[in-house]
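Each remark here refers to the structure printed beneath this line.
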Amino acid sequence: MTKGDKPRLITWEVKDGERIAVRHDGRLPDQLRPIRMEVGVLANADGSALVEYGDTRVIAAVYGPREAIPRHIALPDRAVLRCRYHMAPFSTEERKSPAPTRREVELSKVIREALEAVVITELFPRTTIDVYMEVLQSDGGTRTAAITAASLALADAGIAMRDLVAGVAVGKVDGVVVLDIDELEDNYAEADMPIAIAPSLKRIVLLQLNGVLTREEVDKALRLAWKGVEEIYRLQKQALRSKYIVYEAGPGGGAGR
Amino acid sequence: MGRIMVRHRDIVVPGDIVAEGRDVEYKGPFLERYGAKIVALITGLVTIEEKDGKQVVSIIPLEGAYIPRPGDIVIGLIEDIGITHWDVDIASPYRGILTVQEVLDKPFNPAVDSLKRYLDVGDYILAKVLSFDRSRDPLLTVKGEGLGRISEGSIIEVKPSRVPRIIGRKGSMINMLMSETGCKVLVAQNGRVLVNCPSRDLEEILVLSIRKIELEAHTTGLTERVKEFIREERRRRGV
């Protein structure tokens, strides 16, 4: 991640007598990137999902609840949730070593804690639920896309959850608080704040902040994140339902996979 | 007055509000009440019933692992042999335990006898779940009519969540499968199906039908469509 001369990330345009901030890719500060979600993309996993936020692309696979191996990790009263966030060697501009970095170990932990807030692990004592998240292409906001994909894959696997989790990153770029920052914005941002929310429960399950924000900016960023998450949440539910509605189109539909 | 936000047989996903109000009841582990709201915890189909003037909602899961319940009939695969018990894979997160007392009527002496003589690794058994709770692995028995080692037929594995659909309401689907193909079909609760067919072609048709049911489990009018499918296949293959 070499930082050359800082590009111009925000241009100010005047429209109807108002000054409007426009981002380097043409988005407004409160606009998400195009989002695509698909559920059940892997045949061998119990549940799976593919999530794209613009050029960020993450696939998640869930196995379980299954017998805990090695057996000594099993807990007597609930399931063990294991998460692995990993970036593929080809996901970045320069090859990333496939060995887990400190960053990936940390993100796996915070994502696990975010998911533990919603997964009802008490239903399956002495088992494990394994969640694998693989970043296929990275363009900023990979941890939040990974969390969105993981919660979809868990729901697809038929694991009981209090709510889905949707994540989005907000940040401050050239003094403007913006929603869903991408890699370029992140590299030169004054602050970057990934947030994951369980919207129906009205609970924030992950919040990290890198950089400096004033109180007012945090407030604004949270409001922006909430707005973005609600849109992502709607798409998540739509993606989960569409897996089943396809076959209702007509009799004889549904070829084998 | 309670309000139900969904219709009968709607698909819900985790976090969906199913109903509001104290006078709506729910059953099963897949719904939870938060304040006045009843929220779905799983992807599944909603069922709304009337009971004693009250509306009762429940969810039939569309996916999920098999969790043993006492009294369930399961098809197990012997995985390992201990000194006085067998470890049985029952297609579940929990491993079945079959003790020697539940197989033999006579006393068993491990010093002179070997469990291998009765059931070996790789054998399929039809068993009943004796007991299971959160703290111990499920105990199985093969004492009972029709239980024991499976000596003939083929086994098809399906998702455990599809079992109710393969059986159908009051057995309508399974009876249709048997009468249309002439095969004997036994559906175990853990998603393994034992079939005995008069011919190879009929077995193939039956397997295809079961796969079709598995794939289209959440749709309506499935029994008729599968019946049509079997008749079409039999005509095509001339059996």
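These figures come from a predicted structure and were not determined experimentally.
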Please indicate whether [X] has more than 12 foreign heavy atoms, meaning atoms of other residues, nucleotides or ligands, lying under 6.0 Å from its [atom1].
X: B:Arg69; atom1: CZ; answer: no
X: A:Asn44; atom1: CG; answer: no
X: A:Ile73; atom1: CD1; answer: yes
X: A:Arg203; atom1: CZ; answer: no
X: B:Arg136; atom1: CZ; answer: no

Next item on the list: Indicate the atoms forming the closest heavy-atom contact of A:Arg241 with B:Val13, along with that distance.
Entry: CG-CG1, 4.2 Å
Notebook entry, point to check: Which heavy atom in A:Thr127 sits nearest to a heavy atom in B:Pro93, and how many Å separate them?
Noted result: CG2-CB, 3.4 Å
Interface moiety of [X] toward chain B, non-hydrogen atoms closer than 4.5 Å:
X: A:Ala155; answer: both
X: A:Ile120; answer: side chain
X: A:Pro76; answer: backbone
X: A:Phe124; answer: both
X: A:Leu201; answer: side chain
X: A:Gln236; answer: neither

Starting at [atom1] of [X], measure out to [atom2] of [Y] and round the result to the nearest 0.5 Å.
X: B:Thr43; Y: A:Leu152; atom1: OG1; atom2: CG; result: 9.5 Å
X: A:Ile159; Y: B:Leu41; atom1: CD1; atom2: CG; result: 13.0 Å
X: A:Asp46; Y: B:Lys159; atom1: CG; atom2: NZ; result: 8.5 Å
X: B:Ser92; Y: A:Glu67; atom1: OG; atom2: CD; result: 9.0 Å

Pairwise side-chain contact, [X] with [Y], heavy-atom cut-off 4.5 Å (strictly under):
X: B:Pro29; Y: A:Leu123; answer: yes
X: A:Lys237; Y: B:Asp16; answer: yes
X: B:Leu45; Y: A:Tyr244; answer: no
X: A:Arg162; Y: B:Val39; answer: no
X: A:Lys243; Y: B:Leu62; answer: no
X: A:Pro65; Y: B:Tyr94; answer: no

Checklist line | Cationic N near anionic O, under 4.0 Å, B:Asp137 to A:Arg71 | finding: yes
Using non-hydrogen atoms only, which part of [X] is less than 4.5 Å away from chain A: side chain, backbone, both, or neither?
X: B:Arg134; result: both
X: B:Ala40; result: backbone
X: B:Asp89; result: neither

Margin query: I'd like to know which of A:Glu122, A:Met161, A:Arg66 tops the heavy-atom pair count under 4.5 Å against chain B.
Written below: A:Met161
